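Starting off with a structure, shown below.
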There are 2 protein chains.
Amino acid sequence: MQQESARRSNRDRTEATRADLVAAARKLFTEKSYAETGTPEIVTAAGVTRGALYHHFADKQALFAAVVEQEAQAVAQEIDRASPPSLEARDALIAGSDAYLAAMRVPGRTRLLLLDGPAVLGRAAMDAIDDRHGNRSLREGLVAAMRANRMTRLPAEALTALLASAFDRAALAIEAGASAEDYRAVLMALIDGLSPGRPQAPGPARTR
Amino acid sequence: MQQESARRSNRDRTEATRADLVAAARKLFTEKSYAETGTPEIVTAAGVTRGALYHHFADKQALFAAVVEQEAQAVAQEIDRASPPSLEARDALIAGSDAYLAAMRVPGRTRLLLLDGPAVLGRAAMDAIDDRHGNRSLREGLVAAMRANRMTRLPAEALTALLASAFDRAALAIEAGASAEDYRAVLMALIDGLSPGRPQAPGPARTR
DNA sequence: ATTAACATACAGGCTGCATGTATGCAACAG
DNA sequence: CTGTTGCATACATGCAGCCTGTATGTTAAT
């Protein structure tokens with residue numbers, strides 16, 4: 001138990017305050033929405049004042065960006081852990097898909113990353129964040145599959161973006177209460193449809 | 001040219017004022033964003049006061065919902081005009097796809113319908129709006145294709161949502177300056193991948 | 001005369017900034 | 001090596017402007 005009001009180096013103070021602010025903001029931004037969360041509430045939860053917030057972040061949006069970045073990284077980490085490079089191309093894609101859907105079940109993550117994120121930061125900024133984290137592995141997996149002739153050759157950029165958006169939408173639907181099996185089945189069908197050799201997967205395909 | 005301050009029935013006044021407000025809000029919400037547009041600015045552009053706005057709409061969000069509804073209907077109308085029921089299943093899907101991408105090129109529509117809409121109204125409310133307008137025809141087209149055995153049987157709800165989200169993302173990317181041909185090619189590949197009989201489309205498939 | 005359609009005025013809250021203060025830190029003097 | 005001096009960093013507090021939603025007043029329709 002270290003002394004609370006002991007002397008701390010400036011570096012430590014900055015790091016701690018920033019971490020407290022991001023943690024408090026993350027909690028509130030996932031419980032409520034970006035618009036419904038005010039900076040007074042955030043700083044109270046973090047145990048600092050608004051002066052500290054505006055000293056470390058340019059504005060409320062910059063704090064939000066820091067939260068999104070951290071959360072996107074957490075999701076990417078869970079995916080990477082679930083799909084090691086030892087797996088074969090298609091298996092890695094499937095494992096990564098399931099890991100993504102599982103990661104997005106953390107409450108509030110879909111709103112943070114899929115609703116508020118694009119609206120507040122813009123699609124371009126969100127693309128940059130995604131490319132730094134989650135989308136990178138997806139894209140590498142797709143390129144690898146295409147190189148191995150396991151998949152129809154298509155523009156990698158576009159294919160990555162469109163598949164990623166389908167995953168995003170699946171995560172939103174599942175959180176809203178839709179059938180996870182249905183959405184998973186469609187996602188797999190979309191992926192398998194891109195394999196030239198395999199006409200269709202023999203999985204359970206009900207029309208409901 | 002009718003007299004401006006002539007007597008108007010209450011019904012006409014309401015209709016005209018609501019239309020003016022929605023039109024002014026549409027213009028500003030597409031030029032800027034929902035958050036950056038204030039109600040004072042909207043009512044000034046519409047030539048009324050804030051009292052009129054809050055008389056006709058519960059709050060700023062309700063006015064936004066009206067704008068989104070109108071814009072979604074306009075998009076759906078353009079799609080329906082481009083894909084008459086006379087076309088065969090797959091041709092209708094392709095024609096509708098191109099019409100959608102063309103309709104979404106109207107400046108500001110992507111932000112209104114794809115970024116601010118879901119964030120402000122929530123994904124559930126946006127789903128309801130989409131189902132009333134655009135997604136209905138897409139879903140009917142997909143079900144028709146599946147019934148005719150031109151497409152792998154999959155849960156219609158999920159398939160519609162995921163394909164629609166891919167289209168949305170393509171519209172966003174194209175507006176951001178990405179290659180429309182690339183995204184169109186991937187969309188077509190995704191659709192054709194769902195047809196059991198057709199292993200792959202012979203179109204131009206570069207990897208870039 | 002009653003109600004609908006507004007206009008005006010007001011209260012509360014929030015964001016961003018500007019100013020004030022205390023603490024860490026680096027260099028130099030002794 | 002130590003104490004002091006000067007500056008930068010890390011905050012806290014107070015203020016100005018704006019915005020949203022509501023309550024009240026006024027005019028026109030029915």
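Atom set for the values below is all heavy atoms of this structure, side chains included, hydrogens, waters and symmetry mates excluded. Just so it is clear: chains get the letters A, B, ... in the order the sequence lines come, proteins before strands, and each one is counted from 1. Keep in mind that this is a model prediction, so the values were computed, not measured.
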Atom-to-atom span, CD of A/E36 to P of C/dG13 - whole angstrom: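 Interatomic distance, CD of A/E36 to P of C/dG13: 16 Å.
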Would you tell me whether B/T39 and B/R50 have side-chain atoms, one donor and one acceptor, within less than 3.5 Å of each other?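 Note: B/T39 and B/R50 side chains meet the donor-acceptor criterion.
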Between P of D/dC19 and NZ of B/K60, the distance in whole Å: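 Interatomic distance, NZ of B/K60 to P of D/dC19: 9 Å.
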What residues from residues 11-30 of chain B pass a heavy-atom cutoff of under 4.0 Å to DNA chain C?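 Contacts with DNA chain C under 4.0 Å: B/R13, B/T14, B/T17.
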Examine distances only and state if a side-chain atom of A/S137 and a backbone atom of A/G134 form a donor-acceptor pair shorter than 3.5 Å.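 A pair under 3.5 Å: yes.
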Between B/R26 (side chain) and B/Q70 (backbone), is there a donor-acceptor pair under 3.5 Å? no
So B/F64 and B/F29, would you call those rings parallel, tilted or perpendicular, with 30° and 60° as cut-offs?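 Rings of B/F64 and B/F29: perpendicular, as their planes differ by over 60°.
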Does NZ or CZ of A/K60 fall inside the cone over A/Y54's six-membered ring, less than 6.0 Å from its centre and within 45° of the axis? no
Tell me the closest heavy-atom pair linking A/L154 and B/A189, and the distance in Å.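 A/L154 and B/A189 have their closest heavy atoms at CD1-CB, 3.7 Å.
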Quickly work out the B/L63 CG to D/dC19 C1' distance and round it to whole Å.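 Distance, rounded to whole Å: 15 Å.
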Those residues of residues 43-56 of chain A lying under 4.0 Å from DNA chain C by at least one heavy atom: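 Listed by number, they are A/R50, A/Y54.
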Whether B/T39 contacts D/dC19 is assessed here as follows: a side-chain N or O lying under 4.0 Å from the phosphate OP1 or OP2. Is that the case? no
Between B/R109 and the options B/E175, B/E78, B/E31, the salt bridge (charged side-chain N to carboxylate O under 4.0 Å, His left out) test singles out B/E78
Tell me whether B/R147 at atom CZ has more than 12 heavy atoms from other residues, nucleotides or ligands lying less than 6.0 Å away.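 No, the 6.0 Å shell around CZ holds no more than 12 heavy atoms from other groups.
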